[in-house]
**Student:** 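Below you'll find the structure I mean.
It should be emphasised that the depicted structure is a prediction, and the values quoted were computed from it without experimental measurement. A note on names: the letters A, B, ... follow the listed sequences, proteins ahead of strands, and every chain is numbered from 1.
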2 protein chains.
Amino acid sequence: MIMLNKLPEKTIERLSQYRRALLISLNNLKHHIYSHELAAMLHITPVQVRRDIMLIGYSGTLRHGYEIKELINLIGAIIDSEEGQKACVVGSGNLGKAIVSYFNGKRTKLTIVAAFDINPDKVNRVYAGVPCYHIDQMSKIIKSDNITMAIMTVPGSEAARVAESLVIVGIKGILNYTPTPVNVPDNVYLQEYDMITSLEKIAYFVKKNSQEF
Amino acid sequence: MIMLNKLPEKTIERLSQYRRALLISLNNLKHHIYSHELAAMLHITPVQVRRDIMLIGYSGTLRHGYEIKELINLIGAIIDSEEGQKACVVGSGNLGKAIVSYFNGKRTKLTIVAAFDINPDKVNRVYAGVPCYHIDQMSKIIKSDNITMAIMTVPGSEAARVAESLVIVGIKGILNYTPTPVNVPDNVYLQEYDMITSLEKIAYFVKKNSQEF
DNA sequence: ATAACACTGTTAATAAATTAACAAATAAAT
DNA sequence: ATTTATTTGTTAATTTATTAACAGTGTTAT
Ligand SMILES: NC(=O)c1ccc[n+]([C@@H]2O[C@H](COP(=O)([O-])OP(=O)(O)OC[C@H]3O[C@@H](n4cnc5c(N)ncnc54)[C@H](O)[C@@H]3O)[C@@H](O)[C@H]2O)c1
Ligand SMILES: NC(=O)c1ccc[n+]([C@@H]2O[C@H](COP(=O)([O-])OP(=O)(O)OC[C@H]3O[C@@H](n4cnc5c(N)ncnc54)[C@H](O)[C@@H]3O)[C@@H](O)[C@H]2O)c1
């Protein structure tokens, strides 16, 4: 393959979004798609799309655009791992359950295979096809099931503790939905997301737009 | 005030995160904070912090860093609106409820004041202090309550329709958690977030890191 | 056949974001 | 007193990301 080793981080992010858009188009029985169509779906420019697609070494056909299935497969070859990767959810509350039920079956190479909680009412139940175990079993199950990623949806007060044990067990990627930032070593990839930041950003631009008229 | 009109978009995002970190520190009874402490909490560099703070025209004191309360207030003056802004949630399912319960009382100037749904079982209930109305009342309530922002948590199949009516009613900012991209006019600020993209990005870097050793 | 059109692919230009570098200031240590 | 440590504020340099420009090429219309 080409030197896909250093794709820009933003391109990686968009590749996932392209695939999502492509899957939607495929569902609508389309076979080909133009850069400007993909661009419109992602609210970006067609040039950006073409440039990204150039970077991953794919070529569309003139006048017909890109072959959707081919492009989906190529994106998969780049962002998925051959063997697939498994994730778990820590904290089976409102958000944890929402995520599990959303994710279920959406992607082939990426699956949520376990949830963990301390509350006895949640433990040993299956929600949206995903079993919830007691947190005490976390280490065992993560190792035996070869889980590489974790989504944190525990209360903020538990975040640090949970992150620490995830690192110890050997988790390599963490998505922290808790409002409490955590620390992990360099070899663990961490992403933190806070809904309030998203909403505050929107609020800022709404205010700003309204002032401009 | 200074020319805060064209703060970089990324800075805006970080201002919200700084405030979150500052509130945590304030809770821990701290009064001052260094750029490197804020940086560590956000996993960025101290220079970045100082630069952002320079951009908003604030000055810390040498050897003591920044006065937490002052900085919180200044950030508020920039990203909040004086009168506050109101948001609603459309789709009172798993995710909608998680969001409402999370948000409740977290910020003073930004509040979720209503939820909407079509399911009669959800309508006319109050969840985490937020009443859920039938979608038919959306237009009326958004106008009467002066709601400016909406968080979309309906099924993907409903996204386009819902976004369209939100725009018609005069909503100025939309946060779309649906996996279906929507289109809005230029004067409406739109942000789309898909958890799968976050997780796929993590998966990519986990794979990449593992290959590097 | 030829012109007009509508695409892609790519290099070059520009803009945005981050980081480096360092002067200035002040507290603490000697 | 003087030196050493820290820490801020700011400009300049660098890196990263986006956009512009345009050549190349099949397709359709004339
Ligand atoms: N980032 C966002 O956008 C966003 C949105 C909503 C909620 N949240 C955050 O996500 C987290 C979960 O929110 P929620 O509404 O689902 O809360 P919740 O209280 O419904 O769920 C938390 C779950 O974690 C479990 N738990 C507590 N301590 C634990 C531990 N040490 N180990 C394992 N499980 C433990 C609880 O039993 C509970 O089931 C909170 O931190 C909340 O602030 C974030
Ligand atoms: N982006 C993410 O990170 C993420 C995570 C989880 C879920 N989701 C998405 O968020 C959405 C909600 O997920 P969920 O798990 O809460 O689903 P859900 O089915 O529990 O909730 C959807 C709610 O919307 C209501 N609804 C349906 N049509 C409506 C309409 N026209 N107007 C108003 N309300 C309507 C339903 O009655 C239901 O209460 C889905 O699109 C899901 O794919 C996104």
**Student:** Can you give one letter per nucleotide of nucleotides 24-30 of chain C, 5' to 3': B if a protein heavy atom sits under 4.0 Å from the base, S if only from the sugar-phosphate, - if neither?
**Tutor:** -BBSS--

**Student:** Is the distance from OP1 or OP2 of C:dA6 to the nearest side-chain N or O of A:Arg50 less than 4.0 Å?
**Tutor:**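 Answer no for this pair, as no side-chain N or O of A:Arg50 is under 4.0 Å from OP1 or OP2.
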
**Student:** Dump the intermediate steps for salt bridge (charged side-chain N to carboxylate O under 4.0 Å, His left out) on A:Glu164 and A:Arg161, then the final yes or no.
**Tutor:** CA-CA 5 Å; A:Glu164 197 186 355; A:Arg161 196 194 327 274; over 6 Å; no

**Student:** So, is D:dA5 syn or anti if syn means the angle is within 90° of 0?
**Tutor:**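 Because its glycosidic torsion lies within 90° of 0, D:dA5 adopts the syn conformation.
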
**Student:** Have a look at B:Met152 and tell me which of B:Leu190, B:Leu166, B:Leu175, B:Leu95 forms a side-chain contact (heavy atoms from CB on, under 4.5 Å) with it.
**Tutor:**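 That would be B:Leu166.
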
**Student:** A side-chain contact here means heavy atoms from C-beta on lying under 4.5 Å apart; do A:Tyr18 and A:Ile72 qualify?
**Tutor:**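 Result no, sub-4.5 Å side-chain heavy-atom pair not found.
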
**Student:** Start at the 5' end of DNA chain D and walk down; is the nucleotide closest to B:Gly60 or to A:Pro8 reached first?
**Tutor:**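 Nearest nucleotide further toward 5': that of B:Gly60.
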
**Student:** Side chains of B:Asn176 and B:Tyr193: donor-acceptor distance under 3.5 Å anywhere?
**Tutor:**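 Not at all, the side chains of B:Asn176 and B:Tyr193 share no donor-acceptor pair under 3.5 Å.
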
**Student:** What's the shortest heavy-atom distance between B:Ile68 and B:Ser25, and which atoms?
**Tutor:**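 Closest approach of B:Ile68 to B:Ser25: CD1-CB, 3.8 Å.
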
**Student:** With a 4.0 Å limit, can you tell me whether B:Ser59 has a side-chain N or O closer than that to the phosphate oxygens OP1/OP2 of D:dG9?
**Tutor:**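 It does, given that an N or O in the side chain of B:Ser59 lies less than 4.0 Å from OP1 or OP2 of D:dG9.
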
**Student:** Verify whether one side chain among B:Thr197 and A:Gln17 offers a donor that lies under 3.5 Å from an acceptor in the other.
**Tutor:**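 The answer is no; no qualifying pair exists.
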
**Student:** Whole Å only: how far is the CD1 atom of B:Ile33 from the P atom of D:dT8?
**Tutor:**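 Between P of D:dT8 and CD1 of B:Ile33: 10 Å.
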
**Student:** What pattern of brackets, bars and dots sums up DNA chain C from 5' to 3', given Watson-Crick or G-U wobble pairs under 3.5 Å, [ ] for crossing pairs and | for another strand?
**Tutor:** |||||||||||||||||||||||||.||||

**Student:** With heavy-atom distances below 4.5 Å as the criterion, would you say the side chains of B:Arg107 and B:Leu23 are in contact?
**Tutor:**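 Yes; the side chains approach each other to less than 4.5 Å.
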
**Student:** Give a yes-or-no answer on whether the side chains of A:Tyr102 and B:Asp194 include a donor-acceptor pair shorter than 3.5 Å.
**Tutor:**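 Distance-only check passes for A:Tyr102 and B:Asp194.
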
**Student:** Please report the distance, rounded to the nearest Å, between NZ in A:Lys10 and C1' in D:dT19.
**Tutor:**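 Roughly 15 Å, once rounded to whole Å.
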
**Student:** Calculate the interatomic distance between B:Ile53 atom CD1 and D:dT8 atom P; express it in whole Å.
**Tutor:**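 Computing the B:Ile53:CD1 to D:dT8:P distance gives 8 Å.
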
**Student:** Do A:Tyr58 and A:Asn73 have side-chain atoms, one donor and one acceptor, less than 3.5 Å apart?
**Tutor:**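 Per modelled atom types, A:Tyr58 and A:Asn73 side chains form no pair under 3.5 Å.
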
**Student:** Using atom CD of B:Gln48 as one end and atom P of D:dG9 as the other, report the distance to the nearest whole Å.
**Tutor:**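 Answer to the nearest Å: 15 Å.
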
**Student:** Whole angstroms only, please: what is the CD1-C1' distance between A:Ile56 and C:dG9?
**Tutor:**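 Rounding to the nearest Å, CD1 of A:Ile56 and C1' of C:dG9 are 13 Å apart.
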
**Student:** Using a 4.0 Å heavy-atom cut-off across all strands, classify B:Thr11 as base, sugar-phosphate, or nothing.
**Tutor:**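 The residue B:Thr11 makes no contact with any strand.
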
**Student:** Between D:dA5 and B:Tyr34, is there an OP1 or OP2 to side-chain N/O distance shorter than 4.0 Å?
**Tutor:**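 Result: no.
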
**Student:** Can you check the A:Glu67 CD to C:dT8 C1' distance for me, whole Å?
**Tutor:**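 For the pair A:Glu67 CD and C:dT8 C1', the rounded distance is 16 Å.
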
**Student:** Quick check: closest heavy atoms across A:Ala159 and A:Thr178, and the distance to 0.1 Å?
**Tutor:**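 Closest approach of A:Ala159 to A:Thr178, heavy atoms only: CB-CG2, 3.4 Å.
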
**Student:** C:dA13 C1' sits how many Å from A:Arg51 CZ, rounded?
**Tutor:**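 Rounding to the nearest Å, CZ of A:Arg51 and C1' of C:dA13 are 12 Å apart.
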
**Student:** Starting the side chain at C-beta, find the nucleotide from C:dA21, D:dA12, D:dT18 nearest to B:Val47.
**Tutor:**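 For the B:Val47 side chain, the nearest candidate turns out to be C:dA21.
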
**Student:** Take atom NE2 of A:His36 and atom C1' of D:dA20, then tell me their distance rounded to the nearest Å.
**Tutor:**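 Between C1' of D:dA20 and NE2 of A:His36: 19 Å.
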
